[in-house]
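Lettering of chains follows the sequences in order, A, B, ..., and the numbering in each one begins at 1. Everything numeric in this text was worked out from a predicted model, so none of it was measured.
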Amino acid sequence: MPELPEVEVVRHGVDVHVTGRLVRSVEVLHPRAIRRHLPGASDFAGRLTGRRVTAMRRRGKYLWAELSGGDAMLAHLGMSGQLLVQPEGAPDEKHLRVRFRFDDGGPELRFVDQRTFGGFSMGELVEVDGTVLPAPIAHIGRDPMDPRFDPAAAVRALRRKRTELKRALLDQTLVSGIGNIYADEALWRARVHWAKPTDRIGPAKAAEVLTAATEVMTEALGAGGTSFDALYVNVNGQSGYFDRSLAVYGQEGRPCRRCGRPIRREPFMNRSSFSCPRCQPRPTAR
DNA sequence: TTGTGGACCTGGGTGC
DNA sequence: TGCACCCAGGTCCACA
């Protein structure tokens, strides 16, 4: 599932292959892929055609193409979205949703998305706290790889919440880029249970969790991201290999690398959370 | 105002 | 073999 490291790998790939090129045509093959662009498919295609991509940017799990003329095409990969660079005429992928062709006749950009949670929209660029980004994501917090990320402010924001720690970590308005996988990995590294109430966490432990999240995502980026199946690949269709380094996520029943206890899996927000019962004891009741 | 829980969505895997 | 069901999870939204 694409979280910050995977999205950054994709952003870099798209940047290399697409920045500087002029869009010749856009083909929307599934309406859900542009459901956040309310004026519809023809408006989306019309606003992109004839525009040049001037840069590829990212914040958290969102990425966007800055366009000649000033606005941007915003993208989110959702759970299974892929941006692939393919030669024109290559066979269509089964779940091809949007195709971008360029005026140089070179490789096209394809959005392939099995579960249709990802998609695109057009957005005006606005300045928020000294950074220019698309208006629809003005509320998204800086991610830990942002040079202007303020760890102390993130710790304060985290501790102000009155919820479970993992839920706060997944709140993209506090700190962006963290998803289910790296939240579990960061919590294991920091030896804290996902259900720990945020208002009962000291500033040092909160900082430790955020540092662990930054470290694990940096390592994952160096490994090309985490791939469990064909749902995450880079723009060339290649998988990352950080899944081999995961300590708890998807490791139910396997021994903890620190203490040997079997990793447990617990339901969390209609999904799963993985942790070590000894290293990450459940918080005591208030 | 803030926190919580469910819906959305598809296809692979599993059990019967 | 075919069918039903479960599961994956990021984001949004209704509700408390």
Practice item. Have a look at the helix from B/dT2-C/dA16 to B/dC16-C/dG2 and give the angle its two end axes make, five pairs each, rounded to 10 degrees. Key: 50°

**Study point:** Within residues 21-41 of chain A or reaching into it, pairs that qualify as ring-ring contact (aromatic ring centres under 6.0 Å, His included) - sequence neighbours excluded
**Key:** A/H37-A/F44

Might you list the N or O atoms of the protein lying below 3.5 Å from N or O atoms in nucleotides 10-12 of chain B, with each pair's distance?
from: B/dG11; atom 1: OP1; to: A/H95; atom 2: ND1; distance (Å): 3.3
from: B/dG11; atom 1: O4'; to: A/Q114; atom 2: OE1; distance (Å): 3.4

**Study point:** Under the side-chain hydrogen bond (donor to acceptor under 3.5 Å, both in side chains) test, residues paired with A/T163 that sit two or more places apart
**Key:** none

**Study point:** Residue list, salt bridge (charged side-chain N to carboxylate O under 4.0 Å, His left out) with A/E27, at least two apart or on another chain
**Key:** A/R99, A/R101

Check your understanding: Does some side-chain heavy atom of A/M269 sit less than 4.5 Å from a side-chain heavy atom of A/E164?
Key -> no

Review point. What's the NZ-P distance between A/K61 and C/dC12, to the nearest Å?
Key: 11 Å

Check your understanding: Within this structure, what is the NE2-to-C1' distance between A/H139 and C/dC13, rounded to whole angstrom?
Key -> 13 Å

Practice item. Provide, to the nearest angstrom, the distance between the CD1 atom belonging to A/I140 and the C1' atom belonging to C/dC12. Key: 11 Å

Check your understanding: Can you check the A/Y182 OH to C/dG10 C1' distance for me, whole Å?
Key -> 15 Å

Review point. Which pairs pass salt bridge (Lys or Arg N to Asp or Glu O under 4.0 Å) with one or both residues in residues 147-161 of chain A, sequence neighbours excluded?
Key: A/K161-A/D171

Study note, to complete from the structure: Across all chains, not counting sequence neighbours, the side-chain hydrogen bond (donor to acceptor under 3.5 Å, both in side chains) partners of A/D129 are none

Check your understanding: If we ignore angles and hydrogens, is there a donor and acceptor under 3.5 Å between the side chains of A/E93 and A/Q82?
Key -> no

Point to revise | Distance in angstrom units between A/R271 CZ and C/dC12 C1', rounded | key: 12 Å

Study note, to complete from the structure: Sorted by chain and number, sequence neighbours left out, side-chain hydrogen bond (donor to acceptor under 3.5 Å, both in side chains) with A/N180 holds for A/K166

Any protein N or O atoms within reach of nucleotides 1-5 of chain B? Criterion: under 3.5 Å, listing atom names and distances.
from: B/dG3; atom 1: OP1; to: A/R162; atom 2: N; distance (Å): 2.9
from: B/dG3; atom 1: OP2; to: A/K161; atom 2: NZ; distance (Å): 2.9
from: B/dT4; atom 1: OP2; to: A/T163; atom 2: OG1; distance (Å): 2.3
from: B/dG5; atom 1: N7; to: A/R167; atom 2: NH1; distance (Å): 3.3
from: B/dG5; atom 1: N7; to: A/R167; atom 2: NH2; distance (Å): 3.0
from: B/dG5; atom 1: O6; to: A/R167; atom 2: NH2; distance (Å): 3.4

Check your understanding: Taking CG from A/L74 and C1' from C/dG10, how many angstroms apart are they, rounded to a whole number?
Key -> 14 Å

Review point. To the nearest Å, how far apart are A/L4 CG and C/dT11 P?
Key: 11 Å

**Study point:** side-chain hydrogen bond (donor to acceptor under 3.5 Å, both in side chains) involving A/R58 - partner list, sequence neighbours excluded
**Key:** A/E8, A/D143

Exercise for review: With sequence neighbours left out, write down each residue that passes side chain to side chain contact (heavy atoms under 4.5 Å, CB included) with A/P277, or none if nothing qualifies.
Suggested key: A/R261, A/R264

Practice item. State whether A/H76 places a side-chain N or O below 4.0 Å from either non-bridging phosphate oxygen (OP1 or OP2) of C/dT11. Key: yes

Point to revise | Side-chain cluster (under 4.5 Å, hydrophobic types only) that A/Y62 belongs to, other residues | key: A/W64, A/L74, A/L125, A/V126, A/V128, A/V132, A/L133, A/I137, A/I140

Practice item. Round to a whole Å and report the spacing from CG of A/D113 to P of C/dT11. Key: 13 Å

Review point. Across the strands shown, which category fits A/Y62 at heavy-atom distances under 4.0 angstrom: base, sugar-phosphate, nothing?
Key: sugar-phosphate

